[in-house]
Amino acid sequence: QVQLVESGGGLVQAGEFLRLSCAASARGFIVDSMGWYRQAPGKQRELVALINNDGRTNYEDSVVGRFVVSRDPGKNTVHLQMSSLKSEDTAVYFCYAAARRLGRSNMMNYWGQGTQVTVSS
């Protein structure tokens with residue numbers, strides 16, 4: 001199985017920055033895309049940012065220009081640098097990875113346990 005461990009959540013003031021990190025234990029797997037989703041109270045989980053193995057990124061519209069997703073070369077780690085935080089960014093942030101077992105072709109989705117980000121206005 002692929003296990004994802006997140007770090008870096010917390011409480012900040014509006015306008016401040018925060019950096020989330022996630023490390024994947026993926027022995028026997030090939031990890032393709034990694035990224036972050038978030039879920040605010042009473043809302044559905046939504047994509048925040050995604051980065052593929054080839055470096056292509058995809059962002060939710062409201063975070064464009066404020067958040068940057070990155071991966072460490074050769075490692076199954078992903079980071080989310082969040083700046084100019086707003087109260088509406090408050091949510092539980094989940095690390096995500098798409099991976100397949102070596103020798104297999106079907107991709108599976110894996111999730112971290114979630115880390116709380118709270119932005120006070």
Side-chain angles (χ1 to χ4, degrees):
Q1 292 293 319
V2 175
Q3 293 186 326
L4 304 175
V5 178
E6 303 130 333
S7 61
L11 170 65
V12 295
Q13 301 246 342
E16 293 184 341
F17 64 89
L18 207 58
R19 178 179 165 95
L20 305 181
S21 296
C22 173
S25 298
R27 193 168 189 174
F29 287 79
I30 294 176
V31 177
D32 184 20
S33 57
M34 295 188 75
W36 297 89
Y37 282 70
R38 67 186 178 188
Q39 188 167 17
K43 294 189 177 181
Q44 290 190 332
R45 190 174 297 189
E46 64 175 1
L47 172 69
V48 178
L50 206 62
I51 181 167
N52 293 332
N53 264 337
D54 59 7
R56 285 179 297 151
T57 57
N58 185 29
Y59 292 94
E60 195 271 327
D61 287 346
S62 71
V63 308
V64 172
R66 299 189 299 124
F67 291 10
V68 177
V69 63
S70 62
R71 288 177 73 167
D72 294 332
K75 298 181 180 180
N76 291 323
T77 56
V78 65
H79 308 283
L80 185 68
Q81 182 71 38
M82 305 183 290
S83 58
S84 302
L85 282 162
K86 306 175 181 179
S87 57
E88 49 262 45
D89 295 318
T90 295
V92 177
Y93 284 69
F94 296 90
C95 181
Y96 163 84
R100 61 178 176 87
R101 193 179 290 274
L102 284 169
R104 303 276 181 91
S105 60
N106 56 313
M107 300 295 288
M108 301 287 288
N109 297 323
Y110 296 91
W111 300 92
Q113 78 282 2
T115 185
Q116 178 70 44
V117 172
T118 303
V119 184
S120 63
S121 56

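Please read these numbers as outputs of a predicted model, since none were measured by experiment.
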Rounded to the nearest 0.5 angstrom, the CD1-CG distance for I51 and N58 is 11.0 Å
If you look at every heavy atom in S33 and Y96, which pair is closest and at what distance? OG-CE2, 4.0 Å
So which heavy atom on N106 is nearest to which on R100, and how close? O-CB, 3.4 Å
Are L11 and V119 connected in a single hydrophobic cluster, I mean Ile/Leu/Val/Met/Phe/Trp/Tyr linked by side-chain heavy atoms less than 4.5 Å apart? no
same_hphob_cluster(W36, L47) at 4.5 Å side-chain heavy-atom cutoff: no
Do the non-hydrogen side-chain atoms of M107 and D32 ever get within less than 4.5 Å of each other? yes
How long is the gap from CG on N76 to CE on M34, to the nearest 0.5 Å? 6.0 Å
Let me check something: do V78 and V92 share a hydrophobic cluster, defined by ILVMFWY side-chain heavy atoms less than 4.5 Å apart, either directly or through other members? no
Do L102 and V31 share a hydrophobic cluster (ILVMFWY, side-chain heavy atoms under 4.5 Å, transitive)? no
Test your reading of the model: is there a side-chain donor-acceptor pair from T118 to the backbone of T90, 3.5 Å cut-off? no
Least distance between heavy atoms, L4 atom then A97 atom: CD1-N, 3.8 Å
Between E16 (side chain only) and L85 (backbone N and O only), is there a donor and an acceptor less than 3.5 Å apart? no
C95 side chain near W111 side chain, heavy-atom distance below 4.5 Å: no
Heavy atoms, side chains only, cut-off 4.5 Å: are L80 and F67 in contact? yes
Smallest heavy-atom separation, V69 atom then L50 atom, equals CG1-O, 3.9 Å
Step-by-step side chain to side chain contact (heavy atoms under 4.5 Å, CB included) determination, R71 to N53: CA-CA 9 Å; R71 288 177 73 167; N53 264 337; 3.2 Å; yes
Could you tell me which non-hydrogen atom of F94 sits nearest to which non-hydrogen atom of G112, and how far apart they are? CD2-O, 3.6 Å
Do M82 and L18 have side-chain heavy atoms sitting under 4.5 Å apart? yes
Pairwise distance CD(E60) to OH(Y37) - rounded to 0.5 angstrom: 11.5 Å
Given 3.5 Å as the limit, does a donor-acceptor pair link the side chain of S83 with the main chain of R66, or not? yes
When you measure from the side chain of Q3 to the backbone N and O of S25, does any donor-acceptor pair fall under 3.5 Å? no
Quick one: OG on S120 to CD on Q13, what's the gap to the nearest 0.5 Å? 4.0 Å
hydrophobic_cluster_shared for V64 and F17, side chain cutoff 4.5 Å: no
What heavy-atom pair brings S87 and S121 nearest, and what distance separates the two atoms? CB-CB, 4.3 Å
So does R56 get a backbone contact from the side chain of D54, meaning a donor-acceptor N/O pair under 3.5 Å? yes
Does Q81 use its side chain to pair, donor to acceptor, with the backbone of R19 at less than 3.5 Å? no
How long is the gap from CD1 on I30 to CZ on R104, to the nearest 0.5 Å? 12.5 Å
